[in-house]
Number of protein chains: 2
Amino acid sequence: MSQGWSVKGDEEQQLLGERIAERLRGLIAQGVLLPGEKLPSEPELAARLGVSRPTLRSAVSELVADLVLERRRGVGTFVRQAAPLLQTGLERLVGTGDTIRQLGMKPGVADLSVEHRRPPEHVAARLGLTAATGAECVRIQRVRTADGRPVMSCDEWIPERVLPDPTHLDDLGEHESVYERLAEAGLAVRLASTSIVPCLPDTDLRRKLELPPQTPILVLRQLHFASNSADHPVLYSENSYNSERIELTAVRRG
Amino acid sequence: MSQGWSVKGDEEQQLLGERIAERLRGLIAQGVLLPGEKLPSEPELAARLGVSRPTLRSAVSELVADLVLERRRGVGTFVRQAAPLLQTGLERLVGTGDTIRQLGMKPGVADLSVEHRRPPEHVAARLGLTAATGAECVRIQRVRTADGRPVMSCDEWIPERVLPDPTHLDDLGEHESVYERLAEAGLAVRLASTSIVPCLPDTDLRRKLELPPQTPILVLRQLHFASNSADHPVLYSENSYNSERIELTAVRRG
DNA sequence: GAGTGGTCTAGACCACCAG
DNA sequence: TGGTGGTCTAGACCACTCC
């Protein structure tokens, strides 16, 4: 360990604690910090990195949650022996394209369609839409591929009333992220309430996902909320995963 | 809103922020704070509850994550219109009995069996067991019921070498929690790495869970780590859920 | 401009672990 | 006994929202 760890004053976009966490990840990846090695004490490390102890602790907590570091009370903080590879974590909300990229594959899209229509009742109910408030939605359907092979089928509904203008998504490109387009409209998605159900696909879906017969899949039903959208959800999606090609994982804490 | 909100000095077990969160939940449940109502500002609320602002913020953040409260920068913090009922959240690791109790049902157990044997290869691999280090495990199988009806089938493996003595779990009672027994042995489970896969049950499992034919289920494969067990997992479990009776949910953050 | 949540700091006190 | 992580406090400054 040497000097020059300071990280403040770089990009002012991210939270300071997250930038510190990235810096520590980098030190481990580069071999500056070796597996099993003990880190300096928290006050000392905070001073070296030029941040306060609470900020350093938030960074360390993130790495502990990701199984990269390990804390032992009264002893110290250590680099874990086998730092695990990150998987498709359910606890983090990321765009599908980024998810596929994280797995080291190249994302693509097939069968994109954008239309305007009223959603079926179970979708309208979740979105809180009634005929009085206007139930018209933008519906986006597409199949996502990884390295050219289909991995999931997406069915997304966005109420027109949350958009700055109803045509905001009509020109969505094949490689564009709905999340990014919503963010441009001031509707950055921050939270999704998700329910996970197993399902036997119908023949149409089986063809789209190239599934053999009698293969159950996972369906994620997600209700998305933006940071400034009060109680109104901005997006409902049903994503059907080919679970032979993408594994869903979660880290649970007690 | 009135005085008498102070909560400090009660049980010193939980984190202060969590006790504050519980108190706020209570105020909402009792109707002291109504849906849509604006809370006092953070500095004022912190003063009323007798805690610092960072502590109050940790409590509020927990309720925001649970969709109970909602923050609007520059405006205030509000009680959400439809405070959702809590479901089986994937992000939190809780014992099965507690999960069923949270859903308002009465937990029970059927077909309990405890045996000692070597695990199949895929289990041994996940637990990091080799013949050299000793692969012998305690295996616990049982069907969990809610209000008398089967909701999940559990298959749990604990390496004998992590237990204080190999017979530590042999007398597990029908209504006992494996987590609690491990905690008694100084192996409190803090973290589980989980993978979620859909599955078509075989006839035996279908009978146990009272499932109709052609009904896919969810299987959670979980590798559990204790707080002080360094890199060694202490428990591997495969839980098969009757997803018509228990819904798996998760809150994802961006 | 007044009030709000968002962030970060500095420092205190404690419980735990090792020598 | 000394060093470590675990927790909580007090207060600062900022960006945002609304009047």
Side-chain angles (χ1 to χ4, degrees), chain A residues 6-21 23-24 37-65 69-80 186-188 190-191 226-230 253-254, chain B residues 6-21 23-24 37-65 69-80 186 188 190 226-230 253-254:
Chain A
S6 182
V7 73
K8 263 180 109 170
D10 292 342
E11 313 141 25
E12 286 298 340
Q13 204 68 307
Q14 258 180 320
L15 284 181
L16 184 51
E18 290 177 16
R19 274 185 284 149
I20 297 289
R23 184 86 181 98
L24 289 174
E37 187 174 345
K38 181 176 176 298
L39 269 57
S41 75
E42 292 186 353
E44 182 182 342
L45 192 48
R48 286 208 210 179
L49 294 166
V51 297
S52 70
R53 195 175 155 212
T55 298
L56 171 72
R57 277 185 65 80
S58 81
V60 171
S61 296
E62 179 182 327
L63 298 186
V64 168
L69 295 181
E70 178 193 347
R71 283 202 264 232
R72 292 184 220 158
R73 182 175 189 156
V75 183
T77 303
F78 300 80
V79 182
R80 288 192 84 105
L187 296 169
R190 288 290 167 85
L191 201 73
S227 47
N228 60 351
S229 68
R253 301 182 184 87
Chain B
S6 182
V7 73
K8 262 180 106 169
D10 293 342
E11 314 140 26
E12 286 299 339
Q13 204 67 309
Q14 256 179 321
L15 246 41
L16 184 51
E18 291 177 15
R19 274 184 285 150
I20 298 290
R23 185 87 180 97
L24 289 174
E37 187 173 345
K38 181 175 176 298
L39 269 57
S41 76
E42 292 186 352
E44 182 182 341
L45 192 47
R48 285 209 211 179
L49 293 166
V51 298
S52 70
R53 195 176 157 212
T55 298
L56 171 73
R57 275 185 66 79
S58 81
V60 171
S61 296
E62 179 182 328
L63 298 186
V64 168
L69 294 181
E70 177 194 347
R71 283 201 265 231
R72 291 184 221 162
R73 181 173 189 157
V75 183
T77 303
F78 301 80
V79 181
R80 288 194 85 102
R190 287 291 166 85
S227 47
N228 60 350
S229 68
R253 302 182 184 85

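This structure is a prediction, so every number in the text was calculated from the model and none was measured. Letters A, B, ... mirror the listed sequences (proteins, then strands); counts begin at 1.
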Where is the tightest heavy-atom contact between [X] and [Y], given as atom of each residue plus distance?
| X | Y | answer |
| --- | --- | --- |
| B/Ala21 | B/Ala59 | N-CB, 3.6 Å |
| B/Leu56 | B/Ala46 | CD2-N, 3.7 Å |
| B/Lys38 | B/Val75 | CE-O, 3.3 Å |

Rounded distance in Å - [atom1] ([X]) to [atom2] ([N]):
| X | N | atom1 | atom2 | result |
| --- | --- | --- | --- | --- |
| B/Leu49 | D/dC8 | CG | P | 14 Å |
| B/Leu56 | C/dT4 | CG | C1' | 13 Å |
| A/Arg71 | C/dC17 | CZ | P | 16 Å |
| B/Leu16 | C/dC14 | CG | C1' | 14 Å |
| A/Leu45 | C/dA10 | CG | C1' | 17 Å |
| A/Arg19 | C/dC8 | CZ | C1' | 11 Å |
| B/Leu39 | C/dG3 | CG | C1' | 15 Å |
| A/Glu44 | D/dG3 | CD | C1' | 12 Å |

Nearest-neighbour nucleotide for the [X] side chain, [options] considered:
| X | options | answer |
| --- | --- | --- |
| B/Thr55 | D/dC8, D/dG5, C/dC8 | D/dC8 |
| A/Leu15 | D/dC8, C/dC8, C/dG6 | C/dC8 |
| B/Glu42 | C/dG5, D/dG6, C/dT9 | C/dG5 |
| B/Ser41 | D/dC8, C/dG5, D/dT4 | C/dG5 |
| A/Val75 | C/dC17, C/dG5, D/dT9 | C/dC17 |

For [X] and [N], is the shortest distance between a side-chain N/O and OP1 or OP2 below 4.0 Å?
| X | N | result |
| --- | --- | --- |
| B/Arg72 | D/dC16 | no |
| B/Arg57 | C/dG6 | yes |
| A/Arg53 | C/dT9 | no |
| A/Thr77 | D/dT4 | no |

### Task
To the nearest 10°, let me know how far the axis at one end of the helix from C/dG1-D/dC18 to C/dA18-D/dT1 is tilted from the axis at the other, five pairs an end.
0°
#### Entry: Residue whose nearest DNA chain D nucleotide is more 5′ - B/Gly74 or B/Gly17
B/Gly17
### Task
For A/Pro54 and for A/Gly76, locate the closest nucleotide of DNA chain D by heavy-atom distance; then report the residue assigned to the nucleotide nearer the 5' terminus.
A/Gly76
### Task
Mind checking side-chain contact (heavy atoms from CB on, under 4.5 Å) for B/Ser52 and listing every partner two or more places apart, or none if nothing turns up?
B/Pro54, B/Thr55
### Query
Sequence neighbours excluded, which residues qualify as side-chain contact (heavy atoms from CB on, under 4.5 Å) partners of A/Ser61?
A/Arg71
### Query
CG/A/Leu16 to CZ/A/Arg19 distance, rounded to the nearest 0.5 angstrom?
5.0 Å
### Query
Side-chain donor or acceptor of A/Arg73 under 3.5 Å from a matching atom on the base of D/dG3?
no
### Summary
By salt bridge (Lys or Arg N to Asp or Glu O under 4.0 Å), A/Glu18 pairs with (sequence neighbours left out) none
